[in-house]
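See structure below.
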Amino acid sequence: MTLIDQISALRSEIEHEIPTIDSADAAERFRLKHLVKKGTIQSCVEGLRMVPREEKPLVGKALNELRALAEGAFAHAQEQFGKRSSTPHLDLTLPPRGQRRGAVHPITQTVDKLVSIFSSMGFEVAEGPDVEDDTHNFGKLNFAADHPARDMQDTFFIDDEARADLLLRTHTSSVQVRVMENMKPPIRCIMPGRVYRNEAVSARSLAEFHQIEGLYIDKGVSMADLKGTIMAFARRFYDENAEFRFRTSYFPFTEPSCEIDMSCFLCKGDGCRICKHSGWLEICGAGMVHPNVLSACGIDPNEYSGFAFGFGVERVVLMLTGIDDIRLLYDNDIRVLSQF
Ligand code: PHE
């Protein structure tokens, strides 16, 4: 059979088939038979090579017409019946995509761990409002009226004409006051919370961060209890072989006051990046609750004494993780957070 005969046979076959296309599936079968690379029409196109030169235009034209007929029929069927219905849009055999799990933020993880250690030592969690008044944040904590911490540069004041004394608490020591006002000694509380300071945001400081404060009040509480408590905590939380250093310091609400350093848990005192090559890490500020604070809060300083301590949670997270920019903790970048 010559190619031209083959083409006309194929043409009558296709003309017969076209009226039988009655579904998207039938259209797809038609396409697979005639219109794909290994289909009938393409195999005729390949036979064109053997056709004598002078016959080529005629045969070529017949083939082009046939292809146009078949393509037109297929396009028409597609319009009529839509795409092949058996095409699986939903392939239930595909493996599932990995699920992303949320996780507890490293700051919250750290607060939880700190709270659980202090709870096991008998401290209860106490909380107070973020929007405080001057009395609880400063006044009853023995801050003099002209103390620089009350300055606009440190404190965010609330714009409220009726209550000019409202502010965002600058430390969790405000909760110390509330606890003493409301509880009778013995008091053993731990007070985690957010605090706010009007400071420029940088790699080392934020305008909003977290503190945990501790308060212990009873008869005969001394500096030795403070030392024992902090050392027991730090040996559990950071390093069981830690060494300590108590440096004198000043806070209006404690007397005497100190800052407590611990030998670096990473280099054990030799000096490294985390301890800035000093061998020591500052872990908290602390002191014996000032008698003025006790009396302002309704506790008799002749009968009771107590200690308080406080530290910044973000600094703890930076020390433990080695992250060197505090802002990374607040960017909510999954690539950072998913590492903890
Ligand atoms: N409130 C102090 C601060 O914000 C920390 C502190 C708490 C110090 C309790 C001593 C006792 O820096």
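Every heavy atom of this structure was used, including side-chain atoms; hydrogens, water molecules and symmetry mates were not. All residue numbers refer to positions in the sequence shown, counting from 1. In listed order, ligands and their atoms are each counted from 1. Bear in mind the structure is a predicted one, so any value in this text is a computation, not a measurement.
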Inset, instruction - Determine, for F246 and K227, whether the Lys NZ or Arg CZ falls below 6.0 Å from the six-membered ring centre while staying within 45 degrees of the axis. - result: yes

Legend entry - Pairs touching residues 44-63 that satisfy salt bridge (charged side-chain N to carboxylate O under 4.0 Å, His left out), sequence neighbours left out: K61-E65

Legend entry - salt bridge (charged side-chain N to carboxylate O under 4.0 Å, His left out) pairs, two or more places apart, involving residues 300-313: K219-E303

Inset, instruction - Would you please write out the protein residues whose heavy atoms approach any atom of ligand 1 to under 4.0 angstrom, listed by chain and number? - result: H171, S173, R197, Q211, E213, F251, F253, G285, A286, A308, F309, G310

Inset, instruction - Establish, from distance only, whether the side-chain atoms of R236 and S120 form a donor-acceptor pair under 3.5 Å. - result: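 A pair is found: one side chain offers a donor N or O, the other an acceptor, under 3.5 Å apart.
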
Legend entry - For L66, all residues meeting side-chain contact (heavy atoms from CB on, under 4.5 Å), sequence neighbours excluded: I7, L10, R11, I14, I41, L69

Legend entry - Inter-residue atom distance R169.CZ - L167.CG, 0.5 Å rounding: 11.0 Å

